[in-house]
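Following: one structure in structure tokens, then a few remarks.
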Amino acid sequence: MKKTIALWAALTAAALLVTGCTVGEPAAAAPGPATKTPATTAPGTPPAAGHEAPGARAAAAYRTWGLKPFAAPPAPPAVKPVVRPAGGPVPVISEIPTREKIVFITIDDGAEKDPEFVRMMKDLQVPFTMFLTDAAIRADYPYFAPLIAQGHGLANHTLTHPDLRTLGPEAQRREICGQQTRLKERYGTTPRLFRPPYGNWNEATRAAAGECGIDAIVLWRESMQIKNMQYQRGDRKLRPGDIILAHFRGPSELKGRTMTEMTATMLRRIQEQGFTVARLEDYV
């Protein structure tokens, strides 16, 4: 098993170097649950001594990770801006059409499984979507269950992480449909979103995704590296609706940094540009 994990880590690290992607893992511990204000407290009454208001609890949780709370995202649109037409091709997106100052976080693969990241996401309640590869997660399927229970999105990233453009239509269908089945079996949810490894796809990928029940192929506009964002646009700025790529990675691939440190840095970069984070599945 150790040899298998080591081989996966080596292969994915090499592939990410080629594609310009980087990686991350978890850190700090989360605070214990705060005491709730008694139900007898009248509306508008300040919390009694020893009790914290909900906003104060959120601020304390963010401080634990060296962050400031995000502004609440706007209410989801009544009509999703990205919808697959009935019988039509699967949309391929890198951003969501919106004027709101929101971005969307996506995290790929699943190789790193640090409990501190689960705790961090529970504390911060920042939404993200996991694009999981079976070869990366099969050693510890249960790790991802608490993240799904927190409300984070579950999405498809193939069974074995191949470059789909090198495969024929049937092999692509096996990779995508096979992972649909595997994720449904393990987590009780069939994904609607799919990301091709390395962002590589062709029309055979699109057709296979449609046959497997996918509603959208999700690419990205920015990718989070060890300490900074990698931008596709020359102005190196986030724009409303951008989709951000990160990875489940640890210290061996982050030059000693943990996934929680990488995640905290990513969240600061988003805040520095005046954005907040919304849930991708509310828009697609």
So [Y] and [X], do their side chains get closer than 4.5 Å, heavy atoms only?
X: E211; Y: R173; answer: yes
X: L167; Y: P162; answer: yes
X: I96; Y: P81; answer: yes
X: Q150; Y: V118; answer: yes
X: L267; Y: L124; answer: yes
X: M121; Y: H152; answer: yes
X: V92; Y: L219; answer: yes
X: T205; Y: I176; answer: yes

Which heavy atom of [X] sits nearest to which heavy atom of [Y], and what is that distance?
X: V277; Y: P127; result: CG1-O, 3.5 Å
X: R195; Y: H157; result: O-ND1, 2.7 Å
X: I226; Y: M224; result: O-CE, 4.1 Å
X: I105; Y: I270; result: CD1-CD1, 4.0 Å
X: K80; Y: Y283; result: CB-O, 3.7 Å
X: V284; Y: R192; result: O-NH2, 2.7 Å

Residue pairs passing the ring-ring contact (aromatic ring centres under 6.0 Å, His included) test where at least one lies in residues 256-275, sequence neighbours excluded |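 Every candidate ring-ring contact (aromatic ring centres under 6.0 Å, His included) pair involving residues 256-275 fails, so no pair, neighbours aside, qualifies.
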Which residue pairs pass the ring-ring contact (aromatic ring centres under 6.0 Å, His included) test with at least one member in residues 68-88, sequence neighbours excluded?
->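 Residue pairs passing ring-ring contact (aromatic ring centres under 6.0 Å, His included), neighbours aside: none found.
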Consider only side-chain N and O atoms of S223 and Q230, and report whether a donor and an acceptor are under 3.5 Å apart.
->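 Yes, Q230 and S223 have a side-chain donor paired with an acceptor closer than 3.5 Å.
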May I ask you to check whether T160 and E175 show a side-chain donor-acceptor distance below 3.5 Å?
->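 Note: T160 and E175 side chains meet the donor-acceptor criterion.
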At what distance, to the nearest 0.5 angstrom, does [atom1] of [X] lie from [atom2] of [Y]?
X: L147; Y: L132; atom1: CG; atom2: CG; result: 9.0 Å
X: L238; Y: I244; atom1: CG; atom2: CD1; result: 5.0 Å
X: E281; Y: F104; atom1: CD; atom2: CZ; result: 9.5 Å
X: N156; Y: Q180; atom1: CG; atom2: CD; result: 4.5 Å
X: F248; Y: Y143; atom1: CZ; atom2: OH; result: 6.0 Å
X: R236; Y: Q273; atom1: CZ; atom2: CD; result: 9.5 Å

Yes or no on side-chain contact (heavy atoms from CB on, under 4.5 Å) for V90 and W201, after CA distance, side-chain angles and deciding distance?
-> CA-CA 12 Å; V90 176; W201 64 280; over 6 Å; no
With sequence neighbours excluded, tell me which residues meet salt bridge (Lys or Arg N to Asp or Glu O under 4.0 Å) with [X].
X: D282; result: R279
X: R186; result: none
X: E185; result: none
X: E222; result: R233

If you measure from the Lys or Arg side-chain nitrogens to the Asp or Glu carboxylate oxygens, is any gap between R182 and D134 under 4.0 Å?
->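 Judged by the 4.0 Å cut-off on N to carboxylate O distance, R182 and D134 do form a salt bridge.
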Indicate, with yes or no, if W220 and I214 share a hydrophobic cluster defined by side-chain heavy-atom contacts under 4.5 Å among Ile, Leu, Val, Met, Phe, Trp and Tyr.
->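 Yes.
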In one Ile/Leu/Val/Met/Phe/Trp/Tyr side-chain cluster, 4.5 Å: I217, L159 =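 Shared cluster, no.
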Check the pair F194 / T158 against side-chain contact (heavy atoms from CB on, under 4.5 Å), numbers first and verdict last.
-> CA-CA 8 Å; F194 169 70; T158 72; 3.6 Å; yes
Would H247 and M262 count as a side-chain contact (heavy atoms from CB on, under 4.5 Å) if you check the C-alpha gap in whole Å, the side-chain angles of each, and the deciding distance to 0.1 Å?
-> CA-CA 10 Å; H247 291 86; M262 181 274 294; over 6 Å; no
Apply side-chain contact (heavy atoms from CB on, under 4.5 Å) to the pair I137 and L183, showing each step before the final yes or no.
-> CA-CA 10 Å; I137 69 174; L183 293 173; 4.1 Å; yes
Expected output: side-chain [X] to main-chain [Y] donor-acceptor under 3.5 Å:
X: E100; Y: P74; result: no
X: R84; Y: G88; result: yes
X: D235; Y: K237; result: yes

